[in-house]
Student: 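If you scroll down you'll find the structure; I have some questions about it.
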Amino acid sequence: MDLKHSASGAVESTETYIVTSKSTDMITPKDKEGKAAKATAANAPAEGYKVYARRWAVLILFVFYSSSNAMQWIQYTIINNIITRYYGISDKWVDWTSMIYMILYIPLIFPGSWFLDKVGLRITALVGIVGTCVGAWIKVFSVDPSLFYVGFIGQAIVALAQVCILSLPARLAAVWFGPDQVSSATSVGVFGNQLGVAVGFVLPPMLVPNSPDLETVGRDLQMMFYLVAGLTTILLVLMVIFFQDRPPTPPSAAQEEAQRLENSEAEQVSFMQSLKNLMTNRNFIFLLLSYGINVGVFYAISTLLNPVVLKYYPGHEVDAGRIGLSIVLAGMLGSVVSGIVLDKTHKFKETTLAVYALSMVGMWIFTFTLDTGHIAVVYLTASLLGFFMTGYLPVGFEFGAELTFPEPEGTSSGLLNASAQTFGICFTLFYSELFTTFGDIAANITMAVMLIVGTIITATTQSDLRRQNAQVTSPAAGVAANP
């Protein structure tokens with residue numbers, strides 16, 4: 001570890017390392033890897049690569065920024081019965097406050113990914129936090145039974161802002177963190193979205209109880225909206241002051257190579273060419289499908305958790321929120337565990353398949369334990385489902401970055417999110433229709449079958465770990481891979 005002066009003049013600690021290979025890429029033969037590592041290590045810079053202490057501040061700030069947006073996704077649907085009674089609307093309109101997040105993301109993913117590639121992390125993140133803040137303040141003025149449309153406009157603006165959030169974790173981790181921390185950093189970045197969803201599950205039922213007096217409900221809604229708007233305003237100020245674009249020097253051989261390609265006009269790939277490369281990558285297409293199915297099932301269950309729980313446990317609105325919280329908290333733990341496993345083993349295909357298969361098993365268990373009459377059992381099975389299902393999110397991002405290197409991480413993760421939103425819309429509408437017509441068992445079994453399909457697709461995806469291979473033989477860096 002050494003000391004380095006930051007741009008502000010303060011002394012900052014950095015960690016220096018000389019890289020060594022831990023690649024599990026089965027594409028390059030071992031003897032070639034060994035020769036390449038020896039040949040390139042001789043030209044390695046004596047000081048190695050540096051990672052900067054400020055990376056943790058940037059990551060933590062991103063976590064809270066992402067949370068402030070995600071907490072508003074489920075803000076209405078988790079108190080569905082209260083919102084419908086206060087505004088005098090159908091529950092379908094309340095469902096749309098969740099689905100608007102998915103619908104608006106899909107057409108904006110391509111311009112959003114292009115924008116991230118062109119302007120970088122800082123400007124993209126600032127645009128996102130401004131949109132999140134503005135949308136939250138608009139909802140403050142929607143507290144009247146005749147003004148649901150105002151709240152919906154605010155919700156739509158917050159949904160638009162997520163385009164500047166969901167693609168960032170993998171990009172931020174790659175730009176700021178070394179090879180042995182990049183998967184864990186991605187997990188923490190995704191953790192922010194999950195933290196926000198967790199707060200969105202538990203806070204509205206606590207702040208807006210099911211009071212018979214509509215005036216009381218209105219005051220409670222006003223308090224909730226003011227609280228969220230104030231929080232996003234504070235985060236906006238912190239983001240403007242402290243959120244940085246990239247460190248002074250690249251943290252890894254792969255990132256140095258990516259920056260070299262980015263800065264070289266002769267080798268620079270256009271955004272459209274990058275998209276073409278991704279959409280003709282067979283393994284990435286398989287991942288798009290499997291990732292979309294898994295996350296789409298999670299979106300459907302989260303959106304309709306309130307009516308599903310209340311069917312078996314009437315009057316347990318707060319428990320519905322807490323069960324959602326249990327799903328997400330368990331998923332946050334699953335994300336961190338998965339990130340650590342990936343950083344330690346670099347077995348991306350094996351980890352992805354294991355987590356996916358266990359998500360499918362968790363869905364079957366959840367389906368047939370809702371009607372036990374003991375809500376504690378639902379807490380337990382929902383937590384099991386959440387540990388693997390939402391724990392899969394960073395695993396999918398990292399596997400996608402491996403399969404598509406050197407294409408920008410923001411573009412690959414953006415496409416994964418677009419797939420998730422597309423499946424999320426379809427599954428939410430389908431789940432809602434099945435639940436209304438045939439009941440929760442039929443709806444949940446259908447989702448479980450979809451996860452079986454996703455598991456099969458994951459099993460057929462090949463382990464083409466291109467980023468790991470770049471750590472071994474990067475022509476720009478001249479070094480072997482991990483710290």
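Residue numbers start at 1 and run along the sequence shown. Nothing here was measured: the structure is a model prediction, and the numbers come from that model. Computed from heavy atoms alone, side chains included, the values below leave out hydrogens, waters and symmetry copies.
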Student: Tell me the salt bridge (charged side-chain N to carboxylate O under 4.0 Å, His left out) pairs involving residues 200-210, sequence neighbours left out?
Tutor: none

Student: Which residues pass the ring-ring contact (aromatic ring centres under 6.0 Å, His included) test with Tyr356, sequence neighbours left out?
Tutor: Tyr392

Student: Between the side chains of Thr381 and Thr369, does any donor sit under 3.5 Å from an acceptor?
Tutor: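 Judged by distance alone, the side chains do pair up.
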
Student: How long is the span from the CG atom in Leu451 to the CG atom in Leu358, to the nearest 0.5 Å?
Tutor: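 Those atoms lie 11.5 Å apart.
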
Student: Taking only residues two or more places apart in sequence, or in another chain, which ones meet Phe201 in a ring-ring contact (aromatic ring centres under 6.0 Å, His included)?
Tutor: none

Student: So which heavy atom on Asn193 is nearest to which on Ala70, and how close?
Tutor: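 Nearest pair, atom of Asn193 first, then Ala70: O-CB, 3.3 Å.
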
Student: Quick one: side chain to side chain contact (heavy atoms under 4.5 Å, CB included) partners of Ser419, sequence neighbours excluded?
Tutor: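 Ser419 satisfies side chain to side chain contact (heavy atoms under 4.5 Å, CB included) with Leu288, Phe423 once adjacent residues are dropped.
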
Student: Using the test side chain to side chain contact (heavy atoms under 4.5 Å, CB included), find all partners of Asn81 that sit at least two apart in sequence or belong to another chain.
Tutor: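 Per chain and number, Asn81 pairs via side chain to side chain contact (heavy atoms under 4.5 Å, CB included) with Asn210, Asn306, Leu310, Glu317.
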
Student: Counting only heavy atoms not in Tyr379, do more than 12 sit closer than 6.0 Å to its OH atom?
Tutor: yes

Student: So which atom in Pro204 and which in Val199 form the shortest heavy-atom distance, rounded to 0.1 Å?
Tutor: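 For Pro204 versus Val199, the nearest heavy atoms are CD-O, 3.7 Å.
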
Student: Got a second to check how far Ile83's CD1 is from Thr77's OG1, nearest 0.5 Å?
Tutor: 9.5 Å

Student: Would a distance-only check, ignoring hydrogens and angles, find a side-chain to backbone donor-acceptor pair under 3.5 Å from Gln222 to Val140?
Tutor: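 Indeed, once roles are kept as given, a pair shorter than 3.5 Å links the two residues.
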
Student: Considering residues at least two apart in sequence or located in another chain, which fulfil the ring-ring contact (aromatic ring centres under 6.0 Å, His included) criterion with Tyr65?
Tutor: Phe62

Student: Quick one about Asp144 and Ser146 (side-chain donor to acceptor, distance below 3.5 Å, no hydrogens or angles considered), yes or no?
Tutor: yes

Student: What residues form a side chain to side chain donor-acceptor pair (under 3.5 Å) with Ser98, not counting sequence neighbours?
Tutor: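 Partners of Ser98 by the side chain to side chain donor-acceptor pair (under 3.5 Å) criterion, ordered by chain and then number, come out as Trp73, Thr303.
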
Student: Could you work out, with side chain to side chain donor-acceptor pair (under 3.5 Å) as the rule, every residue matching Tyr431, not counting sequence neighbours?
Tutor: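 With neighbours one apart ignored, the set is Asn444.
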
Student: Hey, are Arg54 and Gln244 close enough side-chain-wise for a donor-acceptor pair under 3.5 Å?
Tutor: yes

Student: Looking only at heavy atoms, which two atoms of Val188 and Val63 are closest? And how far apart?
Tutor: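 For Val188 and Val63, the tightest heavy-atom pair comes out as O-CG2, 3.4 Å.
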
Student: Check this for me: Tyr313, atom OH, are more than 12 non-hydrogen atoms of other residues, nucleotides or ligands nearer than 6.0 Å?
Tutor: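 Above 12, so yes.
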
Student: Side-chain donor-acceptor pair under 3.5 Å between Ser432 and Lys92, yes or no?
Tutor: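 Yes, a side-chain donor-acceptor pair sits under 3.5 Å.
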
Student: At their closest point, which heavy atom of Gly120 faces which heavy atom of Thr124, and how far apart are they?
Tutor: O-OG1, 2.7 Å

Student: Going by ring-ring contact (aromatic ring centres under 6.0 Å, His included), name the residues that satisfy it together with Phe148, two or more places apart in sequence or in a different chain.
Tutor: Tyr87

Student: The criterion is side chain to side chain contact (heavy atoms under 4.5 Å, CB included); which residues satisfy it with Ala357, sequence neighbours excluded?
Tutor: Thr455

Student: Atom CH2 of residue position Trp364 - does it have more than 12 heavy atoms of other residues, nucleotides or ligands inside 6.0 Å?
Tutor: yes

Student: Which residues satisfy the side chain to side chain contact (heavy atoms under 4.5 Å, CB included) test with Thr422, sequence neighbours excluded?
Tutor: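 So Thr422 forms a side chain to side chain contact (heavy atoms under 4.5 Å, CB included) with Ile106.
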
Student: Is the Phe177 to Trp56 ring centre distance short of 6.0 Å?
Tutor: yes

Student: Do any pairs count as a salt bridge (charged side-chain N to carboxylate O under 4.0 Å, His left out) and have a residue in residues 301-312, sequence neighbours left out, and if so which ones?
Tutor: Lys311-Asp440

Student: So which atom in Asn69 and which in Tyr101 form the shortest heavy-atom distance, rounded to 0.1 Å?
Tutor: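 The pair with the smallest heavy-atom distance is O-OH, 2.9 Å.
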
